[in-house]
Amino acid sequence: MPSVKILFAWRVVPVLALLVACAHGSSDEPTSEAEQLSTLYQRTCGGRTAQACFEQAERLRMGDGVAKDEARAATLHELGCNGDERRACVALGVLKEEGRGVAKDEAEAARLYARGCEQGLPEGCGHLALLYGEGRGVAKDLAQAVSFYERGCAGDDGLSCNNLGVLKLMGGFGVTQDVAAGMGMLVQACNRDVGVACLTVAREFDQGVRTRKDARLAASYFRTACGMGEKEACASASAAVAVKPEPAPAVTPEEGAKLEKIRAMCESGLGMACYVMGSAYEKGASVAVNPGRATMYYQRACDHDVPEACGDVRRMLGLTAEGAKTEGPKQSVLESLQLDPAKVAPEKPKQSVLESLQLDPARVGGSAPPPRDPIERWTQQCQDGRGKADACTRLGKVLLLGSSGQKPDVAKAMLLLEQACNRRGVEACLQLWRVWSLGHNTEKVPKDERKGLSMLELGCSWPDGGEACERLGDAFFEDNLARALKIWQSACFEQEDRLSCAKLLIMTRKAVSNGPAELRTTAEQALPRYQAQGCKTRIKDECAALGLPMPKDVVRVRRLKVACDAGDPDACGELAQAYQQGREIEWDRAEEIRVAAQGCDGGSATACVQLAKYYRGVRGGAPLDLDAMLARAAQACSLKDATGCGLKARFLEEFGKLTADAPQVREARYLACVYLPESRRRGPCEK
């Protein structure tokens, strides 16, 4: 891997090419349609991802710069879908559902939608929900329709939020009526440019049956819907539409430029910038007063974890009387966004020090059953190649290294890692890259850098593949700088990878300060957008430069939270580490200990080790707690963790006043050696 000095050496021509690509899209596309189609698979589908297949297919479907050809679009979407481009699967489903360019096949469309939904694309869930609701291509199932609408809306799919919002607003498909939740989802859909959702909100305020009657808000949403092409909103004879918009205030060029900069930051996902935009539209600061726009920006800020914006959304929607005290939390999406649960540290173990010394590690945790052996748990979750990718990854790494008391089995480990990598296990892809890039002399795995690179490319294509993309960019840096920085840009914006953003910013600043004059302007224009995204990934200096607060977390830890809450102890362990490090999430000691305890009790040795070190009293000003410290170290050791066993031995000597020859100490040190990777069992362990 190139050194830092070499990595960021200034090279004028490639960087200028990159900046043009970053600002305006790739400039090396073939010029003719025939050339594009003939070279597409070799140059794109067979490359890092099938993204370009999808983009070219969409151009053909829409007739964007090329002759419209839905049949060819369907062919390319099929290529992209086979290359695991989930958007291509859903787009192909739409064509098959409607019979455009291909034979109509609603059952196949449902299968494609389900594939996209399962791979995390919310639009796929929304399309599938519609088929279940109408019984097309699948058996009619209203409960399934609601479930898929919920998944789609949770992923911010506008059509899913619109349809689910209507169901909650009216009560339908067996859904309990909840006006607050329904209006919140409709505003969310309106905010995603779904015109019919804006029209529904306008009618609710115009009629005042389920919400308060508010001609001003109705007018604002009618105008918004009209601007999105809803002719009924434009032609409405309602008195609400006749309300004249507020006059726009006089704005200096400097004020206008500042507001546009804030708007761009909001569009890149910075919650506080959206909150500022909402306040500007509500109060008429540098823009005309527009309650509808204000509500949409407040909603966007709320969606990006700005708690005060959630209350403003409820106020703007008229869900509580003006000036009234906000009601307590209800079971609705809109109101749950402002919920701030109490953060209470778990109770510590109550055993005495003497009892801790004699504690059976398998019984740590009181009356609760002991956690399952992690090897057994991962094996069962990974069995038959159908299980969880992260379980296969962890089991594969254990067998590759011969750790946790397992005999090394490189062939089986490589098979497990390949299965995990193909099922969106980014860490497995990274591990395979390391093995192929360096080789494995013990088991005669030959060095194959090309194969290792293909593992990075696959890992980079997954939603959590930021680290793989960052490493992939490093690999291309020396020979293809434009491609490297394009990869970093994609990882920075799509996967919120902090290091990729940092490298992109360094190169852009070099272009601003040292680049030729003809492209310096391009770099200057791109820099604020890159800074805003850098702030979103919690690069402190970029937030400070923009005068904005650091976001609470990044997308990776939000996924860890979901997995931890769903009962994955290993995800809880990783989340606790993220809290402790404070790079990807706002430091919160109480939450760190809570999720670490949850992970440890569920069987995460990583979480147990973290708790043992915390109760040792050397981190964050925590008081020494002998009972909890010994219990958690013993628990980590019982989960076949070498570090946990080593801590247990040290704690027994240091605090239990036992000698190195004491049976408990010797047993702990012996287990620490047994659980080490085979290559590290040297020196004292050989005795």
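All values reported here derive from a predicted model rather than from experimental measurement.
Under a 4.0 Å N-O distance rule, the pair Arg151/Glu118 qualifies as a salt bridge. Salt bridge absent: Glu467 and Arg556 never bring a charged side-chain N and a carboxylate O closer than 4.0 Å. Salt-bridge formation is not detected for the pair Lys451/Glu418: no Lys NZ or Arg NE/NH1/NH2 atom is positioned less than 4.0 Å from an Asp or Glu carboxylate oxygen.
Taking Lys561 as the reference, Asp553 meet the side chain to side chain donor-acceptor pair (under 3.5 Å) condition, with sequence neighbours excluded. Ala74 is linked by a side chain to side chain contact (heavy atoms under 4.5 Å, CB included) to Leu92, Leu95, Val102, counting only residues two or more places apart in sequence or in another chain. Residues passing the salt bridge (Lys or Arg N to Asp or Glu O under 4.0 Å) test with Glu78, sequence neighbours excluded: none. Partners of Arg559 under the side chain to side chain donor-acceptor pair (under 3.5 Å) rule, at least two apart in sequence or in another chain, are Asp464. A search for side chain to side chain contact (heavy atoms under 4.5 Å, CB included) contacts involving Glu98 returns Val94, Arg100, not counting sequence neighbours. Checked against salt bridge (Lys or Arg N to Asp or Glu O under 4.0 Å), Asp157 has no partners two or more places apart in sequence or in another chain.
Taking the six-membered ring wherever Trp is involved, the centroid distance between the rings of Tyr530 and Trp488 does not fall below 6.0 Å.
Shown here for Cys198 and Thr224, the closest heavy-atom pair between the two residues is SG-CG2, 3.9 Å. Listed here is the closest heavy atom pair of Thr537 and Gly534: OG1-O, 2.8 Å.
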